[in-house]
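Working notes, structure below.
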Amino acid sequence: MKLKEKIIKGDYSDLLRKRSDKQYVHPSEVAKVFSSIPMDKASKAFKSLPEKKQVLLFAYFEKTLQKNILKSLPKERVEHILNDSHSDDRTMFFSSLKSLEQTHFLHFLTPKNKENVESVLGYPKNSVARMMNTNVATIDQEKTIQEAITHLRTNHKDDETTNVVFVVNENNFLIDDIPIRRFVLNDHHKKVSDILDGFCPSLSITETKEDAIAKFKQFDRDVLPVVSTENILLGVVTIDDILDAVEQADTKEFQKIGGLEELDYPYVKTTLFSLLKKRASWLIVLFLGEMLTATAMGYFDGEIQKAVVLALFVPLIISSGGNSGSQAATLIIRAMALKEIGIKDWWYVMRREIISGLALGALLGTIGLIRIAVWQNLHWYDYGTHWFLIAITIFFSLIGIVMWGTLSGSMIPILLKKCKIDPATSSAPFVATLVDVTGLVIYFSIASIILKGTIL
């Protein structure tokens with residue numbers, strides 16, 4: 001029987017297994033099951049667990065389930081879970097709450113934990129401080145390795161932060177970091193100072209989550225220390241929290257690029273009304289923008305009446321421009337997110353996209369010209385006596401529109417970044433709508449020049 005079915009039926013035997021048991025289920029798998037069953041069943045199953053397992057499992061729950069679980073528990077259990085959680089898990093839980101909810105749950109914390117949480121919540125929401133774990137394993141460099149091991153066993157718990165030990169002085173000034181493996185593989189009579197490598201990358205308390213992600217990637221670390229401006233050790237950030245931050249950042253970016261407001265909760269936990277509201281606002285804006293397409297076509301109504309054949313290629317023209325703009329916007333937004341390019345690189349990007357736009361436009365224009373020539377000469381469609389001029393119009397229109405699309409798609413994210421607006425806001429649908437409208441103007445302007453005196 002599957003775990004989900006067992007829990008629903010009230011069989012919690014699998015939840016109570018120890019790590020040494022063959023059928024032990026990892027807390028992350030249990031958390032997935034809890035998210036997919038009715039709240040009353042989840043609450044009942046959670047209450048059946050011993051306190052240690054409750055604390056361990058609670059950290060793997062998504063934020064909505066965490067709140068609902070705590071609300072279903074007696075005061076003593078809530079106090080135990082919140083105070084015994086790792087400091088980073090506790091901080092992230094409080095960061096997900098609204099102000100009134102924060103006030104409510106702060107009452108369950110011990111004075112020390114409450115002070116720590118309130119201190120961290122004073123930092124910006126996107127700061128490294130919101131991810132920091134203050135349970136840090138520290139050691140004095142004058143101790144021997146044997147003395148250091150004894151000190152760690154006596155003063156620190158077995159948790160994720162003790163994979164790396166930080167060497168500090170009497171004022172908690174960060175000197176270096178030592179992977180725990182170095183204590184095991186070196187002679188126990190050596191001093192801690194003898195096994196230092198003198199290289200210890202760190203995060204400043206003022207840095208953002210994006211900065212932290214970049215540093216973890218750059219230095220290939222599992223743990224990075226967080227320090228004050230005076231290099232005083234304040235805490236650590238661990239790789240599991242970085243992975244969560246990467247997932248959240250990528251999810252928000254993809255949602256924005258897709259042309260909707262970022263969701264506050266996972267898709268399956270978002271109410272239908274909230275989902276409609278998040279999607280409708282952008283769709284209305286984009287729809288109003290597309291209405292300008294009709295306005296543009298109305299302005300060239302005379303040209304369309306004289307040469308109806310031009311209308312045949314409108315979908316081809318505007319879709320090519322929109323697609324090239326969407327491509328460019330996606331490439332630049334992602335490159336900026338990965339810090340491959342910045343605002344100062346705008347001229348470099350512009351030059352590349354102009355060349356790319358010309359090349360891609362010429363390629364598509366050539367295909368369009370060949371298509372018209374083949375259809376005309378094989379008598380699959382009659383474009384009239386001036387078919388070659390029409391083909392030339394399509395050729396140059398595609399060059400102009402595709403180049404404009406790539407230029408718009410690449411420059412808009414940089415412009416938004418300059419204005420301190422999230423570049424992901426320049427979503428693919430937004431750029432496509434802009435290029436649709438302006439593309440029509442380019443198309444009919446080129447047509448009026450090339451076809452003047454013939455069919456126009």
Side-chain angles (χ1 to χ4, degrees), residues 27-28 31 35 54-71 73 78-136 159-161 203-216 223-228 234-253 255-256 261-267 269-270 274 278 422 424:
S28 61
S35 296
Q54 286 184 342
V55 174
L56 181 63
L57 183 57
F58 182 78
Y60 289 91
F61 288 158
E62 50 93 8
K63 300 303 178 279
T64 306
L65 182 56
Q66 283 185 332
K67 284 193 292 184
N68 290 335
I69 284 289
L70 289 183
K71 288 175 182 177
L73 298 175
V78 176
E79 289 176 346
H80 177 75
I81 289 170
L82 290 180
N83 286 298
D84 273 36
S85 293
H86 290 156
S87 62
D88 56 338
D89 293 327
R90 184 166 53 242
T91 299
M92 281 192 271
F93 168 69
F94 276 93
S95 295
S96 70
L97 303 175
K98 295 177 181 177
S99 55
L100 288 176
E101 291 173 327
Q102 286 178 354
T103 303
H104 170 72
F105 285 111
L106 279 170
H107 291 306
F108 294 101
L109 299 180
T110 62
K112 182 181 177 182
N113 285 335
K114 184 178 180 180
E115 183 182 350
N116 287 339
V117 168
E118 288 178 332
S119 173
V120 170
L121 291 178
Y123 287 94
K125 201 167 187 178
N126 196 39
S127 69
V128 164
R130 296 291 188 106
M131 308 166 66
M132 183 174 66
N133 190 330
T134 54
N135 299 324
V136 188
D159 62 28
E160 60 188 3
T161 63
L203 294 165
S204 169
I205 193 71
T206 58
E207 289 186 287
T208 65
K209 291 180 181 179
E210 287 74 19
D211 296 326
I213 292 168
K215 282 195 176 180
F216 267 83
V223 179
L224 278 178
V226 180
V227 297
S228 68
L234 302 175
V236 295
V237 173
T238 52
I239 189 66
D240 60 320
D241 294 327
I242 286 294
L243 291 174
D244 289 340
V246 170
E247 182 184 19
Q248 290 170 7
D250 287 349
T251 299
K252 289 178 181 179
E253 190 169 287
Q255 288 169 351
K256 286 182 178 179
E261 294 179 42
E262 63 187 69
L263 301 181
D264 299 318
Y265 302 104
Y267 175 80
K269 296 293 182 181
T270 304
S274 179
K278 295 286 186 181
D422 188 350

Sub-3.5 Å donor-acceptor pair from the side chain of Ser87 to the main-chain atoms of Thr134, do we have one?
yes

Is it true that a side-chain atom of Asp211 and a backbone atom of Thr208 form a donor plus acceptor pair closer than 3.5 Å?
yes

Rounded to the nearest 0.5 Å, how far does [atom2] of [Y] lie from [atom1] of [X]?
| X | Y | atom1 | atom2 | answer |
| --- | --- | --- | --- | --- |
| Asn133 | Leu234 | CG | CG | 12.5 Å |
| Leu82 | Gln66 | CG | CD | 9.0 Å |
| Tyr60 | Leu65 | OH | CG | 15.0 Å |
| Ile239 | Asp244 | CD1 | CG | 10.0 Å |
| Arg130 | Asp241 | CZ | CG | 14.0 Å |
| Asp88 | His86 | CG | NE2 | 7.5 Å |

For side chain to side chain contact (heavy atoms under 4.5 Å, CB included), just list the numbers for Met132 and Ile205, CA-CA rounded to whole Å, side-chain angles, deciding distance to a tenth of an Å, and then say yes or no.
CA-CA 9 Å; Met132 183 174 66; Ile205 193 71; 4.1 Å; yes

Suppose we screen for salt bridge (Lys or Arg N to Asp or Glu O under 4.0 Å). Which residues come up paired with Glu101, at least two apart in sequence or across chains?
Lys67

What's the shortest heavy-atom distance between [X] and [Y], and which atoms?
| X | Y | value |
| --- | --- | --- |
| Ala31 | Leu57 | N-CD1, 3.9 Å |
| Gly235 | Val136 | CA-CG2, 3.5 Å |
| Val55 | Ile81 | CG2-CA, 4.0 Å |
| Val78 | Leu70 | CG2-O, 3.4 Å |
| Val128 | Ser204 | CB-O, 4.1 Å |
| Phe94 | Gln102 | O-NE2, 2.9 Å |

Please collect all side chain to side chain donor-acceptor pair (under 3.5 Å) contacts where either partner lies in residues 115-129, sequence neighbours excluded, each pair once.
Asn126-Glu210

Checking Phe58 against Ser85 for the side chain to side chain contact (heavy atoms under 4.5 Å, CB included) test, could you report, in this order, the C-alpha distance in whole Å, the side-chain angles of both residues, the deciding distance, and whether it holds?
CA-CA 8 Å; Phe58 182 78; Ser85 293; 4.2 Å; yes

Mind running side chain to side chain contact (heavy atoms under 4.5 Å, CB included) on Thr91 and Met131 for me, showing each step along the way?
CA-CA 7 Å; Thr91 299; Met131 308 166 66; over 6 Å; no

Would you check, one step at a time, whether the test side chain to side chain contact (heavy atoms under 4.5 Å, CB included) holds for Leu109 with Arg90?
CA-CA 10 Å; Leu109 299 180; Arg90 184 166 53 242; 3.8 Å; yes

Under 30°, 30 to 60°, or over 60°: which ring-plane class applies to His104 and Phe108, parallel, tilted or perpendicular?
perpendicular

